[in-house]
Each structure stands twice: as structure tokens, then as C-alpha cells.
Asks: 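Shown below is the structure under consideration.
Model, not experiment: these values are computed from the prediction. All ligand and atom numbering here is 1-based and tracks the order in the structure.
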Amino acid sequence: MTSLDELPLRADLRGLTPYGAPQAPLPVALNVNENTHPVPDAVVGDILDDIALALTDVNRYPDREFTALREAFAGYLGHGLTADQIWAGNGSNEVLQHIMQAFAGPGRTAFGFAPTYSMYPLITQGTGARWISGTREDDYTITAEDAAAQVRDADPDVILLCSPNNPTGTPLGLDVVEAVYEAARGIVIVDEAYHEFAPKDAASALSLLPGRPRLAVSRTMSKAFAFAGARVGYLAADPAFIDALRLVRLPYHLSALTQAAATAALRNSATMLRMVDEIVEQRDRITATLEALGYTPHASWSNFVLFGGVDDPRAVWQALYDRGVLIRDVGIPGHLRVTAGTEAETTAFLDALASIGSSS
Ligand SMILES: *Cc1c(COP(=O)(O)O)cnc(C)c1O
């Protein structure tokens with residue numbers, strides 16, 4: 001067996017660990033913030049019709065500019081956006097990678113306020129850039145003044161603001177985005193992967209795009225849209241920003257089948273997003289029940305809850321696993337993270353946790 005050390009790997013990749021959330025076939029999987037409700041049957045039929053149509057042309061390369069899909073995303077996002085302000089990729093991870101390839105890379109830096117999404121440092125390092133971690137308050141919030149000061153100090157080429165933040169669920173005010181943009185010379189990305197789970201009147205950073213050509217707002221169909229397996233993420237930014245991403249994407253990166261499926265799903269967005277209210281209800285139920293059990297859940301505007309007061313996270317994680325419930329140890333001492341599932345899945349998690357009863 002050859003070991004990795006024996007291969008002529010890039011020096012800056014030596015010793016790194018790949019992304020590795022466990023994929024265990026447990027009855028209740030609440031570990032990677034998927035929408036656990038399947039795509040509604042009526043929409044499945046519509047998507048299949050469009051995929052069938054796309055298959056009749058699959059001997060040809062797909063539309064490299066995925067025009068119909070970009071128009072559909074512009075329509076879904078609103079805010080007066082047009083297709084020339086939209087980009088998409090195979091998951092927002094690929095979109096973020098395109099941004100890093102275009103604006104980070106060797107000799108450059110990317111910055112985020114830790115703890116934040118674990119893929120940011122990995123995508124950064126994958127392009128040969130260096131990751132810089134900023135800090136948050138004890139409750140994981142960030143003030144505009146402190147954020148701007150940290151950004152001025154680090155002077156990064158790319159800044160990633162996760163709103164609401166994963167893995168903590170913490171909302172991020174637009175005042176922070178504005179202050180960071182003013183303080184930065186580099187690109188500012190607001191990752192709104194969980195925006196649909198925020199209160200209905202929560203402002204999106206999309207409203208800040210006019211006049212800010214270094215700002216991009218990324219979204220995904222993996223969470224609210226129940227489309228994680230299809231791999232579709234997207235962003236909105238200035239048309240010049242989109243042109244920069246065209247320099248680094250592989251030609252025809254979005255397959256004809258992906259484009260067809262995503263466009264059909266967006267045509268049915270009202271039905272696709274039907275379960276969001278139910279998931280938010282389960283999230284709030286998790287928070288209330290965790291409090292009653294003596295844990296300390298953090299405020300969440302997403303579809304998951306990070307909770308503290310766990311004496312031995314590894315042991316609790318394993319005890320839940322042994323009861324058929326998969327949640328996430330995100331490496332924050334004394335904490336675990338759980339995704340809000342269906343009512344039945346959420347009940348299974350809460351009952352299992354209560355039966356372990358090991359909160360400090
Ligand atoms: C889940 C998640 C994404 C989405 O990733 P995809 O590649 O679109 O599945 C992006 N950002 C954050 C913070 C996430 O939690």
C-alpha cells in the first residue's frame with residue numbers, strides 16, 4: 001500500500017484532512033443540515049419530464065452559459081436582479097471554489113470569523129491561498145466595529161461572511177456586511193445558504209449589491225430546496241464579478257441534466273419550499289426542549305441548532321449513534337449540532353437525548 005507521504009503532493013497540502021462528515025446509514029440522519037423531507041411527488045414528475053427532454057440532446061455539450069437557469073435564479077431572488085448578475089455551480093462549494101480560484105490563490109489570503117463553515121479553509125487552501133481566522137464574541141455574534149477592525153488588520157483578499165453562520169446558527173446584521181465592505185480592499189462574500197430559514201422579514205445582503213462590485217451573495221439549493229443530491233449552488237454579484245468566474249470555471253461545468261433539473265425545481269419553488277415553515281417549527285421545538293433538558297442551545301436562524309452544556313460530546317454523539325440518531329460533533333468543546341428534521345425525526349432525536357440524560 002502506497003501512503004500519501006510517498007507521493008509528490010504539493011507541500012501546502014501535506015498534513016491536511018479532507019472534509020469528512022460521516023455518511024452512516026442510520027434511520028435518523030440529522031448531521032449535515034439537509035432538508036430531510038423528500039422532493040414532493042408532483043415536482044418529481046415535472047423534473048423528470050424536463051430531464052427526459054434534456055436527454056434527447058445529451059449527445060451535445062450543454063449550454064455553457066446555463067442561460068435558462070440563470071434567468072430562473074434571477075427571478076427567484078428578486079431584488080431587480082438580472083441573469084448577467086447570476087452564477088451557478090455544482091453546489092455552492094463549487095461556486096466558492098470559483099471565487100477562490102479567481103480572487104485568492106497562491107500568495108493571497110482569505111478570512112472568516114471562526115467558528116464558521118469548515119469548508120472555507122479547505123477551499124482556500126485548495127487554491128494555494130492562506131486562511132486567516134478572525135474571532136467572535138462568546139455568543140458567536142460579531143459587531144460591525146469589531147468586524148471592520150479585524151478585517152483592516154488582516155487585510156485579506158477574500159472575506160467570507162456566513163449569514164446565518166454555520167455551525168452556530170447566528171444571524172448576521174447587514175450593518176456588519178456594510179462595515180466589512182468599507183473596511184476591506186478585497187472581495188466580500190455573504191454566504192446565505194440558510195437564508196430561507198431566517199424570519200420572513202430578515203433582510204438579505206442582496207439588497208446591498210447595487211454600487212458594491214466587490215460584494216457577492218451566495219445561496220444553495222441544498223438546504224431549503226431539498227436538492228442536496230442534485231448539487232446546485234448559485235450567487236448574485238456585479239456582471240464584472242461574474243466575468244471573473246468565467247475565467248476559472250471548466251467549460252460546460254453544469255451538465256444538461258443538472259440544468260434541466262434545477263430549472264424545473266425553481267419553476268416549482270413554492271412547492272419545493274413548502275416544508276420550510278415546518279422545519280423552522282421543529283428547530284424552535286428543539287431549542288425549547290434542549291433548554292428544558294438543561295442544555296444551552298444558541299439562537300439559530302437556520303435549520304439546525306448548536307447546543308452547549310454537553311459534558312462529553314463524543315460520548316453523547318456515540319450514545320445517539322447507538323440509538324440510530326446521527327448528529328454532528330463540530331469540534332467546539334462542550335457542544336453538538338443537530339439538524340431540524342421531520343416531526344418524527346426530531347422526536348426521535350429529542351427522546352434519544354433525554355434517555356441519555358447526561359447534560360452537565
Ligand atoms: C451546506 C452549506 C453550503 C452548501 O453547500 P453545497 O455545496 O451547495 O451543498 C454552503 N455554505 C454553508 C455555510 C453551508 O452550510
Side-chain angles (χ1 to χ4, degrees), residues 18-23 29-36 39 66 69 73 76-77 86-101 110-124 126 131 133 136 140 142 158-172 177 188-198 204-205 216-236 245 249 253-255 258-259 261-262 265-266 272 276 279 283 298 300-306 327-328 330-332 337-341:
Y19 177 85
Q23 286 196 301
L30 302 174
N31 67 327
V32 286
N33 302 340
E34 294 149 334
N35 183 337
T36 69
V39 172
F66 45 103
L69 180 57
F73 277 130
Y76 170 69
L77 289 176
I86 303 292
W87 190 246
N90 295 283
S92 65
N93 274 265
E94 185 180 56
V95 171
L96 295 176
Q97 184 179 52
H98 288 161
I99 298 172
M100 293 301 182
Q101 287 177 306
F111 174 98
F113 296 97
T116 191
Y117 187 39
S118 64
M119 281 308 300
Y120 296 158
L122 288 176
I123 295 171
T124 300
W131 175 253
S133 271
R136 292 168 182 267
Y140 304 124
I142 326 167
V158 178
I159 297 142
L160 286 143
L161 301 174
C162 195
S163 172
N165 187 49
N166 182 8
T168 62
T170 320
L172 183 86
V177 179
V188 178
I189 304 157
V190 183
D191 183 347
E192 293 189 346
Y194 299 96
H195 182 78
E196 286 89 348
F197 300 104
S204 163
V217 181
S218 79
R219 298 274 187 101
T220 179
M221 294 186 80
S222 293
K223 311 290 160 60
F225 271 93
F227 227 44
R231 311 303 301 126
V232 186
Y234 55 106
L235 71 67
L245 306 182
R249 63 95 177 273
H253 69 288
L254 275 181
S255 85
T258 301
Q259 293 184 41
L266 280 168
M272 293 290 281
V276 165
I279 294 165
R283 174 197 74 200
H298 293 273
S300 173
W301 275 15
S302 58
N303 68 341
F304 57 83
V305 178
L306 179 76
I327 68 165
R328 191 82 178 273
V330 292
I332 300 177
R337 190 194 70 189
V338 62
T339 307

Asks: Looking at ligand 1, does any of its N/O atoms fall within less than 3.5 Å of an N/O of Asp191?
Replies: yes
Asks: Quick one: nearest non-hydrogen protein atom to atom 5 (O) of ligand 1, plus distance?
Replies: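 Of every protein heavy atom, Asn93 ND2, 3.0 Å lies nearest to atom 5 (O) of ligand 1.
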Asks: Using a 4.5 Å cut-off on heavy atoms from C-beta on, say whether the side chain of Tyr234 contacts that of Leu77.
Replies: yes
Asks: Taking Trp131 as the fixed residue, which of Leu160, Ile123, Leu122, Val158 is the one that meets the side-chain contact (heavy atoms from CB on, under 4.5 Å) rule?
Replies: Leu160
Asks: Which ligand 1 atoms, with their elements, are less than 4.0 angstrom from a heavy-atom of Cys162?
Replies: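 Every atom of ligand 1 under 4.0 Å from some heavy atom of Cys162: 13 (C).
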Asks: When you measure from the side chain of Asn31 to the backbone of Pro22, do you find a donor-acceptor pair of N or O atoms at a distance under 3.5 Å?
Replies: yes
Asks: Quick one, Glu196 and Arg219 - any side-chain contact, counting heavy atoms below 4.5 Å?
Replies: yes
Asks: So for Arg231, does at least one of its heavy atoms come nearer than 4.0 angstrom to any atom of ligand 1?
Replies: yes
Asks: Do any nitrogen or oxygen atoms of Ser222 come within less than 3.5 Å of a nitrogen or oxygen of ligand 1?
Replies: yes
Asks: Taking only heavy atoms of Tyr194 into account, list the atoms of ligand 1 that are under 4.0 Å away from them.
Replies: 1 (C), 14 (C), 15 (O)
Asks: Which atoms from ligand 1 have a heavy atom of Gly91 less than 4.0 Å away?
Replies: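 Under 4.0 Å from Gly91, ligand 1 has these atoms: 6 (P), 7 (O), 8 (O).
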Asks: Would the Phe304 and Tyr194 ring centres measure less than 6.0 Å apart?
Replies: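 Yes - the distance between ring centres of Phe304 and Tyr194 falls below the 6.0 Å cut-off.
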Asks: What's the separation between atom CG in Leu96 and atom CE in Met119, rounded to the nearest 0.5 Å?
Replies: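 Rounded to the nearest 0.5 Å, the CG-CE separation comes to 8.5 Å.
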Asks: With heavy atoms of Lys223 as the reference, note each atom of ligand 1 found under 4.0 Å away.
Replies: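 Ligand 1 atoms under the 4.0 Å threshold to Lys223: 1 (C), 2 (C), 3 (C), 4 (C), 14 (C), 15 (O).
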Asks: Which atoms of ligand 1 have any heavy atom of Asn166 under 4.0 Å away?
Replies: 13 (C), 14 (C), 15 (O)
Asks: Under a 3.5 Å threshold, yes or no: a donor from one side chain and an acceptor from the other, between Tyr120 and Asn166?
Replies: no
Asks: May I ask you to identify, for Ser92, whether its side chain, its backbone, both or neither come under 4.0 Å of ligand 1 on a heavy-atom basis?
Replies: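 Under 4.0 Å from ligand 1, Ser92 contributes backbone and side-chain atoms.
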Asks: Would Phe66 and Phe73 count as a ring pair (Phe, Tyr, Trp, His ring centres under 6.0 Å) if you check the C-alpha gap in whole Å, the side-chain angles of each, and the deciding distance to 0.1 Å?
Replies: CA-CA 11 Å; Phe66 45 103; Phe73 277 130; 8.4 Å; no
Asks: Quick check: does Asn90 get an N/O under 3.5 Å from an N/O on ligand 1?
Replies: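 No, there is no polar N/O contact under 3.5 Å.
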